[in-house]
Amino acid sequence: MGRGRVQLKRIENKINRQVTFSKRRSGLLKKAHEISVLCDAEVALIVFSSKGKLFEYSTDSCMERILERYDRYLYSDRQLVGRDISQSENWVLEHAKLKARVEVLEKNKRNFMGEDLESLSLKELQSLEHQLDAAIKSIRSRKNQAMFESISALQKKDKALQDHNNTLLKKREGEENGSSRRTINPMHQQVFNPSAPILFNLIQR
């Protein structure tokens, strides 16, 4: 069977705790050095013991430079967070404005449908009446225009059909006239030749 998982908790025995701290600290410093060498990373490690003693490690002994870089990173990160918060606040405000506008539009729609009129004042009712009158006039004007356009289109279509029928009728009449000219009675095809009897008499003689 494999080893069971060790539960991490504070070591109560002071001597054992000190020995463990010393071993783990050495291992941690070694790992920090290895990752800086193997991965070409800048590493800064700070450890305070329970008695307040400082242990540190930094790449190439540049703890101050790494800490300054860390401070700059934190500052820029705070700036980005501040911008995100400001942008989020703007979105919240914009959402509230849009929501209020939608509510106004929905209320106007209900009023135009003749609903929720009890809360309107006399001036608001008169304004609503004028808007409805203007809308009706606009609708009637557009309806008349649509009817005129429909009638005009039907008239054009009717004229086009008449022209097409006339063309077909003329073509048919022309074909019938040509056929009648080519058809002649066989009795009328005999042609009198006055020289025929004379030629017959000469042959007999």
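We use all heavy atoms of the structure for the numbers below, so side chains are in, but hydrogens, waters and symmetry mates are not. Since this is a predicted model, take the numbers as computed values, not measurements.
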Query raised in the report: Would Arg17 and Glu12 satisfy salt bridge (charged side-chain N to carboxylate O under 4.0 Å, His left out), going step by step from the backbone distance to the final call?
Result: CA-CA 7 Å; Arg17 186 166 61 240; Glu12 298 297 335; 5.4 Å; no
Requested in this report: For Asp133 and Lys137, run salt bridge (charged side-chain N to carboxylate O under 4.0 Å, His left out): C-alpha distance rounded to whole Å, both residues' side-chain angles, the deciding distance at 0.1 Å, then the answer.
Outcome: CA-CA 6 Å; Asp133 290 339; Lys137 290 180 181 179; over 6 Å; no
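For the pair Arg65/Glu42, a side-chain contact is recorded, criterion being any heavy-atom separation below 4.5 Å from C-beta on. For the pair Leu54/Glu56, a side-chain contact is recorded, criterion being any heavy-atom separation below 4.5 Å from C-beta on. Residues Lys53 and Phe48 have side chains not in contact (no heavy-atom distance under 4.5 Å, counting atoms from C-beta outward). Side-chain contact between Lys30 and Glu34 is present, with heavy atoms from C-beta onward closer than 4.5 Å. The side-chain heavy atoms of Phe21 and Val47, taken from C-beta on, include a pair separated by under 4.5 Å. Using a 4.5 Å heavy-atom cutoff, the side chains of His33 and Leu29 are not in contact.
No more than 12 heavy-atom neighbours from other residues, nucleotides or ligands sit within 6.0 angstrom of CD1 on Ile35. The local environment of CZ in Arg110 is crowded, with over 12 non-hydrogen atoms from other residues, nucleotides or ligands closer than 6.0 Å. Residue Asn144 places its CG atom among more than 12 non-hydrogen atoms of other residues, nucleotides or ligands, all under 6.0 Å distant. Surrounding CD1 of Ile15 are at most 12 heavy atoms belonging to other residues, nucleotides or ligands under 6.0 Å away. The number of heavy-atom neighbours closer than 6.0 Å to OH of Tyr70, taken from other residues, nucleotides and ligands shown, is 12 or below.
Between the side chains of Asp158 and Gln162, at least one donor N or O sits under 3.5 Å from an acceptor N or O.
Under the 4.5 Å side-chain heavy-atom criterion for ILVMFWY residues, a single connected hydrophobic cluster contains both Leu117 and Phe112. No single ILVMFWY cluster, assembled from side-chain heavy atoms under 4.5 Å apart, contains both Phe55 and Ile46.
Side-chain atoms of Ser138 do not come within 3.5 Å of backbone N or O of Ala134 as any donor-acceptor pair. No donor-acceptor distance shorter than 3.5 angstrom exists from the side chain of Thr59 to the backbone of Ser36, with no hydrogens or angles considered. Side-chain N or O atoms of Ser152 include none that pairs as donor or acceptor with a backbone N or O of Phe148 at under 3.5 Å. Put simply, the side chain of Ser26 gets close to the backbone of Ser22: a donor and an acceptor are under 3.5 Å apart.
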